[in-house]
Every structure is written in structure tokens, then in C-alpha cells.
Amino acid sequence: MTAKELPAIYEPKKVEDKIYKIWEESGFFNPDNLNLPSDAKSYTIVLPPPNITAKLHLGHSAMLAIGDLMIRFRRMRGYRALWIPGTDHAAIATQNVVEKKIFNESGLTRHALGKEEFLKKVWEFLKETQTTILHQTRKMGSSLDWSREAFTLDDQRKKAVTQMFVDMYEAGVIYQGERIVNWCPRCQSTLADDEVEHQHQETKLYTFRYWKDFPIAISTTRPETKLGDTAVAVNPKDERYKKFIGQEFEGNFCGINLKIKIIADREVEMDFGTGALGVTPAHSMIDWKMAENNNLNIIKVIDESGKIHPGFGKYSTLSVFEARALIITDLKEENLIEKEENIVNNLSICYRCDTAIEPLPSKQWFVAVDKPVEKLSNKSLKEKAIEVATNQEIKFVPDRFTKIYLNWMENLHDWCISRQIWFGHSIPAYYCKCGEAIVSKERPKKCPTCDSTDLTQDEDSLDTWFSSGMWTFSTLGWPENFKDNHKSGDLKRFHPTQMLETGHEILTLWVSRMIMMSLFAIGEIPFENVYLHGMIVDKDGKKMSKSKGNGIDPLDMIEKFGTDAVRLSLLMGSTPGNDMRLSEEKIENYRNFVNKLWNISRFVISKTAEADINNNIEEKNLTFADKWIISKMENLIIGVTADLEKYSFSLAGEKLQEFTKNDFADWYLEVAKFEGNLAEKNIILGKILKDLLKLWHPFIPFVTEEIWTKLNADKLLLIENWPTAEDWNKIIAKDNNTDSDVFEKTQLIITAIRNLRAENKIEPTKKLKTIIYAGDDFEQIKDAEILIKNLRTSVGELIIEKSGEKPAEALYTIVGGIEIYLINEIDKIAEQKRIMGELENLKKYTSGLEQRLSNKEFIKKAPAQIVAQENEKLLQAKTNISEMEKYLEKLI
RNA sequence: GGACGAUUAGCUCAGUUGGUUAGAGCACUUCUCUUACAAAGAAGGGGUCACUGGUUCGAGUCCAGUAUCGUCCACCA
């Protein structure tokens, strides 16, 4: 094939869908088809299931790019690589989206529509978005095992959730209890703490007394709740009120009898209002806690629809706003209000409908996190979940999230898992009119107490995190694959999984719950590593959102620049846990790079047409340039592999880019042009390209696979073996005469030429390239090498050989020498200037060294090894100087 | 209020256990349409590593404090 036969511009659109189809049909996304030895290690990742509420955004794309990189890397390294796809039903979020949609289209509420009809609509919506999401996921090139696809609300997961609920109930972990919850009066549902948002609002702060002779004035923004006050809390340090602590008062507040106890609580701020807080246990989170601590009565004032309960005289049945206005009027009449001021406070609102949250006590299902569990050796879920992170059974990348996780876990409270919504997992609890409640996998035939068959199932649904918390094992066949404490099937082969790749914003919401649930269900951790990617923000560092209109649609970008470019721009320059800025320009830039790789390949393919690149390379035929690129390749493989192992994806990518552009394209390809059609060179070109494509594959799978097909490969790049440095090392290791730095030398010559070109007034490019690489003049490289050797002898042993660590430093000093030689050939005067500058530098360096070595402290305290090194450096530098001076003399 | 980060070139960021003169990409300047690539190539300019102290022979790197910005959590009576 010649380069002419391939277009100079790579067109992703023509390639990507075709390639993805080939991959998918090959079956290799499923590790069962990989033909691996039975002892092959597994590497499993479960994909965080995206909510089916909307199409994917760039955050998802980043997640897919990183996940796919990890899984492709492991697959090529011979692991049983499994990546499980799925979607999340996102109970409350989905219900709200659909509810809004229906209301906008027909003006109907879900109640008007009825549960059955409404759920039908939800499923219709769900199918639609699910299809979109799965399409987008494929477009990203994700090598997911679609045969194991799951949905958090499909039949298999329903079974698992029911089983889990029953198991937890029987172990006493799940209980029903009354607690203060965030209630949305519009959604008619509780909200988890993290579903509550806050909004600043201007409001009035009233300072008043309950009645005339009540000793303390209190401040409130919600006078209507004061009908249910049972205490006044003050700061224990507050001198003004100390004397009242423990006292009880009884009196009449707006026609209602109240018993008020004065309690002390550190949470009370002395500076706010009067420094005294009216405690309404039923309608404030903090008050509830105080009530628990002080054994206070709980009086419910507000009902589920936001109206005042019966029993509060004329206020009953009024809405909170009406009641508030009326109470203010009444208080004013009685002259109890002492102050009225405008303040800005933080209002809790529903994250879906922005309605103000009404905290109120309600009967809910909870997961107890502090209760000792028998099968966890009488440790609580919380204790176990903390333990596995503390002892590093689960490792977080980056490590700082271990602290965040632990901090959060330690403050964890019981988890409310019931939601008053229609869409979601049903709760396997059944109630009888006689008051009996039964928790059971199947609907019980009759009530065990009264034999009644009239049982009704709990109407609530489960928090979506309850089902997604089981994701690592519910996707691997739990509970069927877990009998008598023994794992079987997929669960045995793939659990615990190796990696969870997710956004750090759901570390607490999801990750912690997965850990607790896995520990409970199968007694093991769900994953060994958690890689937390950052948030994708726009180029100004702002969060991307629909309302701001600064979002970038991944599909648009793929359409415009190709998937590989999008993937690269998401992988490069991103470090775990840190937010990443992304702009269209960045994607465009990587599109250019992908095209560059394409063109490099075109060139190589045209050169290798006649050569059989499967032939072995004969070492004796190698030139310096060959050895240099081979050694570079060897280092590249080592470096990239190590970086990928430790999740430094961006660093690995940079190394690859550096090699591809600077070493391979800019220099070796140029050399190849001048060295003509040497068969050996073409074989090397081909072999390098092949390994380079393998190394790039996890980053940019499409273009590499496409080029791969042009190389007459017998199998897909997808399942090729990861390159090894040894293969390259073998080629050159046999050469006894090969100095450890022979390749670096070639590079140095190249550097010298570059410097020369920069300084010389002659038109250098072609001429110099010719001098170095072409025909007879190529001998000059060898001459240069002899010169280097001479220099080395005269300078003595170089640091590289002694320290073996920092060759570049030592070599830096001999660059001057090489340059002398080459430049001498062309322009002695220019050289003179150069060498003088060089000398100056060296002298500066030398004096620095001398200064350091004359420092007594240094001699005394620095390790002997360092001192010796420094001495040696000085010696070298001095020798170099004298060498250079000699050269300078010769020049003149 | 609690926890955790960040601050390095005009911009976006690397900098791998402390080690000689701190790097890349973009942008900028100059040159080149040289046959894989103008979606390109070559060369160049640009930095008091936020600030102040400390540890050390040696600090962008470790410690403490300050400032600014950010994220998460709690919470606003």
C-alpha cells in the first residue's frame, strides 16, 4: 500500500461506527470469549450507571474514557477484563422529570393521571432516554460487555433488592421508626439530606416573648411553629441566661398552653437574635436533636400538606403562611413583639421543585448504621465500612479521599431509605388492619396474627441508592450466586471488583453505601480501588449546566472532531480528583494530533510496503539512529506501562505524545527518508509503529484500530498483547560495544545540529540534514562518535556511568564538544562565540560547585556520598573547561 | 461552623520518595507551502514557583502561619 492510497485527512465519521460494530460482533468485550488461561487474573469494573433522566454530559464521557482506558489496558495485558454496563432508574429524579413533562404537555398532575397510567408514562420515557444513553455510551468507544447489561430496576435487580431488604430487616439493620425528615409538601415525599438544596432569601426575624412574664425573649423567622415549642435553648456559657437553665415555665401563647423548659446547648449562638432559641422539636432538625438529648415532648404543628394540625384553635387548618401572618397580628395586639428586622437566611428547598422544605416527623424505613450486626462480628455497618478504608483494603485515588470518606463516615447517621414516590423499588412490607406488619420476600397469604387475607403492601418506594448500592454484586448474580456463604459463577470469578471509577461528588452518596451493603451481603469489599475523577468545568472554571448554557454536548464534539479527539482531550491534563477545564479548542487540538498520527502511519505504511515487518531485525545492520529510537521505544514502553499502572493517565499520554511527535516523527522519520530504502529501517519503522499503536490504543481506540487493519494484522488490536520492553531490549542487548549512552549520543548530535541551525546564518535545514544523514556524509556521525569517545576518555569517567542516574547532566557538558566538532566544519567563528558562552556557563557552574564544597557545613553534614559526587562533578567540570579552552585555542 | 484541596509562563496544567540552570501544550514573535502531515514544519521570547517564617549543606517539593479561590458536609433559630 502506498501513502497515496490513504487520504491525508483522517475522517473519524467514516470509521468509528464500523469499527465499533466489528469489536462488538467479535464478542471480545465479554471476557468469556478471550480464550485466556484458566489462571488469568480478572479485572472488573462496574460502570456507575447513569441516571436515565437525561442524556449523557461530558462528565459521563470522562468517566467512559477513563474506564475504557483502564479496561483496554488490562485486556491487552492478559487480564480477564470485564466492564459491566447499566443504567440507574434514579427513582425520585425520574419521577419528577416525567411529572414535569406530563404537566407541561397536558396540564395533568400525577395524581390526576393515577398511579398505573403514570408509571406507564415513566416507562415510556425511560425506554427512550435509555436508548439514547446506550447509544452515546457506544459512541464513546466503550468496550463494555453488553451481554451483562443491567438496569437498577429490572427483574433481576428487583429480586436482589427484595432479598437484601428482608435480610437486613431480619438482621435488625432495617427498622421502621419515626424521625424528623425533610418533607416536600408539593412532592408529598421525604427527601434525603443530599436532595435538599439551599437558597438565600430575605425574611423577617421577629423577637418576642411567649407571654408577658416569660423571662426570655426569643427570635424566630417562623412564629407559626412556636405553637409546638417545648423548650428554650441557650448557650451554657451565656451569663444572661445561666440562672434560668433547668427551670420550667407554663403559660399561654396565643391561646395555646405551652410548657417551656430552659435547656443549655452549645449549638446556640449567643450573638444571634437574643441568644435564646425557641425549641420546636417537630419542625426543625437541630431542635429535634436537642429534644432527643433533653427528653423533650414533641408536638406536631404542621401536617404533610403544610397546614396547621387540628387542636391549635383558630390556627388549625390554616397554611403556614396564613398562620404566620395571623400569629404576628395577634402578638402585636398583645404587644409581645419586641423587634422586627430584615435578615437574609438560608432556606431549605426541594432540589426538584424548589418548594420550601418542611421538616417534620414521619414514619420511615431506616438502615441502622450504628447497630452491631451479628454476622459482622458484632460490628456495626459504620465500623466495618470505616475499618476497610483505614486498613487500606479499599484504596482511594487520589489518597486524600480516604480522609474525606472517613470523616464523612464517622458523622454518618441512620439512613432513611423510604421515599413517598410511585416510581422505584417496592418495599416488601405488608400491613394488616389488625396492626401487624410483615416483612417478606413474597406477599404473605394471610396475617399471622389475625388470619386476615386483607393485606396491603407498603406504598412507599426505596431510595434509589439502596438499589445502586448493591451494584457490584447485584450485577454479578447475587443472590442466586451466593448460597451458604459461598460465592459461585460470575460472583466468584469477578467479585470483589478491582476498580470503581466515578466522580468524587458521589463519594458519599454512593461509594459509601456500596461499601456498607457489600460488607453486609457477602462480607467482602465491593472493590479494591476507587478512582475519583474530577468535575468537567468550562474554560472559565465554571460548572457546566444547562441553565448557564455553557455546556458542551459530547455527541456534538464527536460529530465534529471524532471520538478519539474527545477522549484524548478528556484524558490529557486531567489528574484524579481535580476538576478539569475543557474547551472546544482543546478538543480541536487533539483532533490535529490524531491526524498527525494518521499521517505518520501513512508514511510508515508506504515505506514498509516492500518489507516484511515480521522479519527479525539484524542487529549488525543497525545505525546509530536505529539504536537510538529502539532505546527510546524501550523506555517509552516501561514509562507508559508504569504510569498507567499508577493511574497517571495524563503523564502516560504526554510521554506517548512526546515520543510520537518529537522522537519518531521529527527525527527518526527524517532519518528514514535520508537513509533510503534500507530494508532494516523499514522493518524497524513498521515494528515501532505497531507497538506505538498498541500503546496508544487505550487512549484512542478507533484511529489505532483503523490503522491496524492497514498493517495486514491477523487479529484485532483490541485483543493484541501489550508491548514489552524486553522485545526491544533483545535486539540491542547483544551488542557488547554498545555504550550505555550510545543512543543518547545520537540524540546529542541531533541537538547539536539544532543548536547550530539556530545560530548559523547559513540556510541550514536541508544542508545539515544532508550532512548528517545522507550518503557519504553520514560517516560524520561516526566521526562525531569517535570525537565523543575521545572526549570521554580525556574527561575521565563520566557521571552517567558512575551514577547511572542523571546522564543528561553529564552529557550536557560534552554537548559543547560535539558542537565544536560539527561547527568547526562549517563556521569556526560562530563556534568561537558559542564555546565562549559555553565556557562561561561552565565556569559559573564550577564556581557554584567550588562554593558549595568550600562550605564547611556542607562537608560536615552532607552525606559522604553526596560530597564525593560533588567533588567528582567539580573535577569533571574543570577538566571540561580545560578541554574547551584547548579547543578554543585550536579554533583561533 | 466542620472537613478537604488549590495557588508554578499571558492561558490550561505537569513537576514521580528534597539534589546542579523549573517543563509541556495553547497563545505570542520570526522564518519555511522541504514529497507523511498548512488540521504542518523550524527557531525564539516569556517564570521572585501566592506571601511570611521554619527544618535542611540544599526547598517548587517537607512543616507552621497568612491571603485568595474552590469543593463537599453541617446549618441558619
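Remember, predicted model here, so these are calculated numbers, not experimental data.
For the P atoms, the distance from B:rG46 to B:rA6 is 30 Å, rounded to whole Å. Using C1' as the reference atom, B:rG1 and B:rC75 are 8 Å apart when rounded to the nearest Å. One C1' atom belongs to B:rU7, the other to B:rU12, and the distance between them is 14 Å to the nearest Å. Comparing B:rU29 with B:rG45, their C1' atoms are spaced 7 Å from each other, to the whole Å. Annotation: B:rC33 and B:rG19 have their C1' atoms spaced 47 Å apart (nearest Å). A gap of 15 Å separates the C1' atoms of B:rU21 and B:rG60, to the nearest Å. For the C1' atoms, the distance linking B:rG15 with B:rC62 amounts to 16 Å, nearest Å. Only the C1' atoms considered, B:rA3 is 28 Å distant from B:rA59, to the nearest whole Å.
For A:Lys655 and B:rA24, the shortest distance from a side-chain N or O to OP1 or OP2 is not below 4.0 Å. OP1 and OP2 of B:rA77 both lie 4.0 Å or more from every side-chain N or O belonging to A:Ser284. Of the side-chain N and O atoms in A:Asn592, one or more sit less than 4.0 angstrom from OP1 or OP2 of B:rA40. At the phosphate of B:rG41, OP1 or OP2 sits under 4.0 Å from a side-chain N or O atom of A:Lys596.
In this structure, the side chains of A:Asn182 and A:Met285 come closer than 4.5 Å at one or more pairs of heavy atoms.
Distance alone, capped at 3.5 Å, places no donor-acceptor pair between the A:Arg513 side chain and the A:Trp465 backbone. Although no hydrogens or angles enter the test, the distance criterion places no donor-acceptor pair under 3.5 Å between the side chain of A:Asp229 and the main chain of A:Leu258. When atom types are taken as modelled, the side chain of A:Lys586 and the backbone of A:Ser569 share a donor-acceptor pair closer than 3.5 angstrom.
As judged by a 4.0 angstrom heavy-atom cut-off over every strand, A:Ile404 is placed among residues touching the sugar-phosphate backbone only. Contacts of A:Val268 with the nucleic acid, taken as non-hydrogen atoms under 4.0 Å apart, include base atoms. Within the 4.0 angstrom heavy-atom criterion, no nucleotide atom of any strand lies near A:Lys586.
Applying the ring-ring contact (aromatic ring centres under 6.0 Å, His included) criterion to A:His533, with sequence neighbours excluded, gives no partner residue.
Checked against B:rA14, B:rC75, B:rA36, the side chain of A:Phe603 finds its nearest nucleotide in B:rA36.
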